[in-house]
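Each remark here refers to the structure printed beneath this line.
Here is how names work: the chains are called A, B, and so on, in the same order as the sequence lines, proteins then strands, and each is numbered from 1. Predicted, not measured: the structure shown is a model, and the values here were computed from it.
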Protein chains: 2
Amino acid sequence: MDERSGERSGRTQTERLAGAIAEAIVTGVLAPGSRLDEQALADRYGVSRTPVREALRQLGTSGLVEVRPRRGAVVAEVTAGKLAELFVAMAEIEATCARLAAQSMSPLERRRLDALHESMADLARAGDPEAYARANTAFHGSIYAGAHNAVLADFALSLRRRLQPYREVQFRVTGRLARSHMEHGTVVAAILDGRAAEAHAAMLRHVTLVESSVEGLLARERVEEIPAAGPIIGNTRDGTRRRP
Amino acid sequence: MDERSGERSGRTQTERLAGAIAEAIVTGVLAPGSRLDEQALADRYGVSRTPVREALRQLGTSGLVEVRPRRGAVVAEVTAGKLAELFVAMAEIEATCARLAAQSMSPLERRRLDALHESMADLARAGDPEAYARANTAFHGSIYAGAHNAVLADFALSLRRRLQPYREVQFRVTGRLARSHMEHGTVVAAILDGRAAEAHAAMLRHVTLVESSVEGLLARERVEEIPAAGPIIGNTRDGTRRRP
DNA sequence: TCTAACGGCGTTGCATGCAATTTTCGGGAC
DNA sequence: GTCCCGAAAATTGCATGCAACGCCGTTAGA
């Protein structure tokens with residue numbers, strides 16, 4: 001949401017828009033299912049419809065937005081089933097990355113991963129969800145990088161972004177931080193020792209636990225739409241009614 | 001992939017273009033590194049630049065095309081390193097799909113997979129690379145589907161499309177058809193029996209063997225640009241020189 | 001001869017306008 | 001009261017036009 005210092009258009013408008021809209025979706029400012037009116041977005045960001053259209057197409061390819069020919073674009077609706085699939089996919093990809101990392105991380109990368117993990121112990125004890133979430137992103141990111149495969153890493157990152165709003169809430173559950181850190185410990189130990197199969201299993205288990213934690217939350221709070229500030233581009237025009 | 005009867009513009013021009021350009025790239029009509037001039041493409045397909053631009057953005061997100069801001073789009077260059085990464089990623093994803101398929105395919109899906117595999121025996125014996133390649137696509141596709149995870153299946157399909165030109169050549173190697181069919185047999189047996197870990201291992205091995213087969217070919221033939229008809233939109237304007 | 005500034009040309013980025021299609025809303029029949 | 005049909009309004013798809021930027025050849029200077 002950091003409006004990237006307004007006018008510095010080193011990038012093209014299309015890129016700026018794609019980033020801004022993606023962030024608005026990921027942070028929950030644009031709720032799933034809400035229509036993405038081209039003209040409204042153009043007005044909102046002070047450009048014409050052309051770059052908006054191009055940005056929407058891009059986001060459509062990456063799965064954040066659903067573009068229906070001649071019927072406009074909407075923020076991709078994440079059903080329970082779809083959410084489960086996303087989590088399973090992420091678990092599998094992350095586990096794969098962990099296995100590859102165990103096989104091919106350089107000594108330096110291993111030391112850094114270990115150090116990062118150690119530093120997270122304090123954050124877990126302090127119980128600061130914000131800081132831990134940030135470090136957590138770096139932690140998983142360094143494992144993607146350690147897999148030495150940009151294709152898998154990109155996919156993992158894109159999945160992670162799409163699931164971000166759902167993953168974040170879980171850190172607020174009491175005790176989840178400590179357990180997360182413990183699970184990380186198992187993964188790190190396996191990677192450092194080069195035990196590939198165990199690294200895979202540990203990571204798969206870790207992400208699957210995150211999933212069930214999130215599912216528990218969602219079931220309890222009944223899909224309460226992310227914390228987030230109210231939609232800037234509201235439009236309940238089309239309904240978006242949750243229960244008809 | 002199936003050219004949906006030319007002119008029926010039930011879809012939008014942008015979609016048609018994205019499909020057409022993607023196919024041209026995948027079939028090698030548009031060689032890696034060649035410039036994708038917006039006006040030229042617009043003329044070629046009888047539309048204006050607007051839908052061409054939108055199509056190029058989409059293809060850019062999916063990795064087939066590299067769009068450089070203000071500097072035009074080019075067909076993504078696939079270096080040896082990148083190719084290896086793509087193959088590793090595909091091997092891992094396919095192996096994951098195979099494992100999930102072993103766990104969750106329905107009896108009907110299992111029977112159909114078995115039948116498909118059996119029918120490929122004839123094609124392998126007949127030694128018809130074209131027909132076998134088609135059946136092979138269906139074979140792997142049914143395993144993606146059997147994983148019951150659209151996210152992973154989509155990713156696997158997109159990787160497969162990107163690697164298609166490289167995978168196809170290998171079926172021309174003498175004896176590769178028979179060996180491919182044998183490897184499939186191992187995978188199918190594991191899936192049908194629900195032996196998840198073995199399905200994973202067998203598929204990983206299968207795709208890895210494909211990779212080494214392809215690498216052998218490429219090394220021998222020195223990146224001879226796919227069979228294919230000559231580029232329709234030629235332009236070696238920018239050089240595209242292989243060895244300066 | 002090599003380097004670097006300069007200017008023309010080609011291409012991209014974006015705004016605007018129009019036609020086609022979808023959506024919405026009002027009226028009438030059942 | 002509900003359903004169906006038709007016209008107006010809204011919205012998307014695409015074409016066109018212009019400004020800005022990058023590329024390339026030329027030329028001046030060292």
Side-chain angles (χ1 to χ4, degrees), chain A residues 4 6-21 30 33-61 65-76 233-241 244, chain B residues 4 6-21 30 33-61 64-76 231 233-241 244:
Chain A
R4 190 68 58 196
E7 306 315 326
R8 262 221 53 236
S9 56
R11 311 182 292 175
T12 65
Q13 298 284 29
T14 299
E15 287 181 342
R16 241 178 25 88
L17 285 170
I21 297 174
L30 258 44
S34 54
R35 285 198 82 231
L36 294 167
D37 184 278
E38 295 177 0
Q39 191 61 56
L41 287 170
D43 295 345
R44 169 71 181 78
Y45 292 105
V47 295
S48 83
R49 281 175 47 221
T50 308
V52 171
R53 284 176 59 81
E54 291 182 359
L56 288 179
R57 302 292 154 151
Q58 269 182 261
L59 296 175
T61 309
V65 162
E66 184 187 357
V67 288
R68 306 160 303 176
R70 301 223 168 250
R71 305 191 52 229
V74 298
V75 179
I233 301 168
N235 67 53
T236 31
R237 272 284 304 296
D238 72 308
T240 314
R241 52 197 123 208
Chain B
R4 191 76 55 202
E7 304 313 329
R8 263 220 51 237
S9 58
R11 312 182 290 176
T12 64
Q13 298 284 31
T14 299
E15 288 182 341
R16 240 174 31 85
L17 285 170
I21 298 174
L30 257 45
S34 54
R35 284 199 82 230
L36 295 167
D37 184 278
E38 294 177 1
Q39 191 61 55
L41 287 169
D43 295 346
R44 167 72 180 77
Y45 291 104
V47 295
S48 84
R49 281 175 47 222
T50 308
V52 171
R53 284 177 59 82
E54 292 181 359
L56 288 179
R57 303 293 153 152
Q58 267 182 263
L59 295 175
T61 308
L64 266 180
V65 162
E66 184 187 356
V67 288
R68 305 160 304 176
R70 300 228 168 244
R71 306 190 51 230
V74 297
V75 178
I233 303 167
N235 66 55
T236 30
R237 272 284 304 297
D238 72 307
T240 314
R241 55 197 123 209

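- For the pair A:Leu36 CG and D:dA10 P, the computed distance is 20 Å after rounding to whole Å.
- Looking at the side chain of A:Arg53, the nearest of the listed nucleotides D:dT16, C:dT12, D:dG13 is D:dG13.
- Here the options are A:Leu59, A:Leu41, A:Val52, A:Thr12, the test is side chain to side chain contact (heavy atoms under 4.5 Å, CB included), and the partner is A:Leu17; only A:Val52 passes.
- To the nearest 0.5 Å, atoms CG (B:Asp37) and CG (B:Leu56) are separated by 10.0 Å.
- Rounded to whole angstrom, the span from the CZ atom of B:Arg11 across to the C1' atom of D:dT12 amounts to 18 Å.
- Here the P atom of nucleotide D:dG13 and the CZ atom of B:Arg16 are 15 Å apart, to the nearest Å.
- Between the C1' atom of C:dT22 and the CG atom of A:Asp37 lies a distance of 13 Å, rounded to the nearest Å.
- Minimum atom distance to the side chain of B:Arg71 is reached by D:dC23, of the listed D:dT11, D:dC23, C:dC14.
- Protein atom CZ of B:Arg57 is 16 Å distant from nucleotide atom C1' of D:dC14, rounded to whole Å.
- Between B:Glu54 and B:Arg57, the closest side-chain pair of non-hydrogen atoms is not below 4.5 Å.
- Both A:Thr50 and B:Gln39 lie close to DNA chain C; mapped to their nearest nucleotides by heavy-atom distance, the more 5′-ward contact belongs to B:Gln39.
- A distance of 13.0 Å separates CG of A:Leu36 from CZ of A:Arg44, quoted to the nearest 0.5 Å.
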Could you pull out all donor-acceptor pairs under 3.5 Å where a side-chain atom in residues 65-75 of chain B meets a protein atom, sequence neighbours excluded?
unit_1  : atom_1 : unit_2  : atom_2 : d
B:Arg68 : NE     : B:Gly72 : O      : 3.4
B:Arg68 : NH2    : B:Arg71 : O      : 2.9

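- When distances run from any side-chain atom of A:Thr14 to the nucleotides C:dC14, D:dA15, C:dT11, the shortest one goes to C:dC14.
- Side-chain atoms of B:Arg49 and base atoms of C:dG13 include a donor and an acceptor less than 3.5 Å apart.
- Summarising the geometry, the separation between CD on A:Glu38 and C1' on C:dA15 is reported as 14 Å, rounded to the nearest angstrom.
- Taking atom CD of residue B:Gln13 and atom P of nucleotide D:dT16, one finds them 13 Å apart after rounding to whole Å.
- To the nearest angstrom, P of D:dA15 lies 14 Å from CD of A:Glu54.
- Comparing A:Arg68 and A:Pro51 along DNA chain C, the residue whose closest nucleotide (by nearest heavy atom) sits nearer the 5' end is A:Pro51.
- Counting distance only, with no hydrogens placed and no angle test, the side-chain atoms of A:Thr12 and the base atoms of C:dT12 include no donor-acceptor pair under 3.5 Å.
- Side-chain atoms of A:Arg70 lie closest to D:dG13 of the nucleotides D:dA15, D:dG13, C:dT11.
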